[in-house]
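Here is the structure we will look at, set down as structure tokens.
Whatever order the structure lists ligands and atoms in, that order sets their numbers, starting from 1. Keep in mind that the numbers below use all heavy atoms, side chains included, and drop hydrogens, waters and symmetry copies.
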Amino acid sequence: MLLTSLLLAAAALASLASAQSVNEPEKGKLYLGAWLDTADSASGAGDGDRPTLAIKRMGYNLHAFQYAQNIPIDTYPFPIEQIEATGLDALVFLTVYPRPSPWNITDDQIANLTAICGKINKQGRRIVLRFGPEMNGPWNYYGQAPLKFIALWKRVFTALRRDAPATALVWAPSSGSGYPFGTPTAATLGQDEFNALDTNKDGAITAADDAYTPYYPGDDFVDWVGLSAYYYGPQYPWEDNVIPPAGTFEKLINVNGFYQNFAVAKNKPMLIAETAAAFHTNTPKGNGDGEFAVKQAFWRQYLTNATFLDQYERIKLISLFEFKKYEEKLSNGQDDLRDFRITNNSQILTAFMQDFAAVKSRYIESVPLSPSATLPSAIVPTTGTGSNKNAALGHSKAGVSFASLVALAGLLLQSVF
Ligand SMILES: *[C@@H]1O[C@H](CO)[C@@H](O)[C@H](O)[C@H]1NC(C)=O
Ligand SMILES: *[C@@H]1O[C@H](CO)[C@@H](O)[C@H](O)[C@H]1NC(C)=O
Ligand SMILES: *[C@@H]1O[C@H](CO)[C@@H](O)[C@H](O)[C@H]1NC(C)=O
Ligand SMILES: *[C@@H]1O[C@H](CO)[C@@H](O)[C@H](O)[C@H]1NC(C)=O
């Protein structure tokens, strides 16, 4: 009897250990999160937002909040206190850009970042860390240099495992649509990097080369995979407010076989790192089908679509892009003011929450973080955008949290099985 239950428990734990990555929600479940415009600039369109405010207006405890920062940590570490202010066990979704000199980042600078992650983990808060996103595009400091990128990645991975066991490292290239985004040459990239990217060995880097694999650090160095998926309109220039054709979202995550080759074949949890349908607020084409219809048609393709979520069960986190911002030019030469938000306008938000109700049980809502601990003073920023220090310090109960015990147990299991 005892032996049987021990064996059952061991089997259950073994399957858990083999099936799940760090911070992966259980089978059939996923998280909803958001990247909010938390900056406090005077000129921003919809900024000054906060996790506490988003939760309040949605009436729903989001499970992840995205922030971005550089490494080396320059002006400030991201404002963790804005997430702490919720009192919930929501994940930190931290996007980290290695810049401006990615190839001479030191081990101390990496340790500086991973020590912060470790402190946050010790309080019981989990992190998903998207390092060097869109490394396959030339527009980043670290772009299209796969050999150097992977070497840096492995140093970050090793330091995270040492310092921050409840932090998952997320590999998220740019969608391969449009790859290689120009005509990179051996002269601009260096011969070694060029050779690594010329996957079909025809002496040129073109759309026929693999847009993802050369940049992939390897199964043992990646916890989650991710992509961004925006809908800007039916064709370039992006200025038509037109309902997305059926299957638009599905197409985006399948560009160059991404979902199948990375989420399914490698059995990695996948996150949608940034996603929204853009409403072009000042386009010469006018309102077209209208903001509500465009946005609702898009979210119904995936976020609130039970059939879709069944079919794409390796998608484990979807992070809404809740910004209104200028991007690119309209055909009339003006800057395009795009409103990506679905939680700002009350008619749109109400309709979203109604659709969401049908799939709500699939999404794991965040719950009060317990037991909670004080915020270590080392990670409270002294300067910087969006700081709102005082809201954070609600609770002060010390102790090892359940989540960090779970993370520790997970690590032990991985080394046992
Ligand atoms: C919506 O955004 C505007 C700025 O674009 C802001 O002033 C307003 O407070 C926001 N409303 C909600 C409910 O978030
Ligand atoms: C960092 O590396 C770049 C080349 O990638 C070099 O130009 C620069 O001088 C280096 N910076 C420092 C501070 O070493
Ligand atoms: C990060 O680096 C700075 C400057 O070297 C140092 O003052 C700070 O204590 C470090 N923080 C952590 C958490 O290691
Ligand atoms: C929901 O998802 C399924 C499967 O991907 C798709 O066939 C269907 O068209 C979607 N529904 C909507 C309203 O987009």
With only distance considered, is Thr343 within less than 3.5 Å of ligand 1 through an N or O on each side?
no
Has the side chain of Lys295 got a donor or acceptor atom that lies under 3.5 Å from a matching backbone atom of Ile348?
no
Assess whether atom NZ of Lys201 is packed by more than 12 heavy atoms of other residues, nucleotides or ligands within 6.0 Å.
yes
Using a strict cut-off of less than 4.0 Å between a Lys/Arg side-chain nitrogen and an Asp/Glu carboxylate oxygen, indicate whether Glu81 and Arg50 qualify as a salt bridge.
no
Asn282 (side chain) donor-acceptor with Asp335 (main chain) under 3.5 angstrom:
yes
I'd like to check the side-chain hydrogen bond (donor to acceptor under 3.5 Å, both in side chains) partners of Gln296; sequence neighbours left out, ordered by chain and number.
Asp355
Under 3.5 Å: N/O of Lys324 near N/O of ligand 1
no
Could you list each nitrogen or oxygen of ligand 4 that sits under 3.5 Å from a protein nitrogen or oxygen, with the atom names and the distance?
residue  : atom   : partner : partner atom : Å
ligand 4 : 2 (O)  : Asn305  : OD1          : 3.1
ligand 4 : 2 (O)  : Asn305  : ND2          : 2.4
ligand 4 : 5 (O)  : Gln311  : OE1          : 3.3
ligand 4 : 11 (N) : Asn305  : ND2          : 2.8

Does Asp223 pair with Arg161 as a salt bridge, N-O distance under 4.0 Å?
yes
Step through the shown structure and confirm whether more than 12 heavy atoms of other residues, nucleotides or ligands are within 6.0 Å of NZ on Lys266.
yes
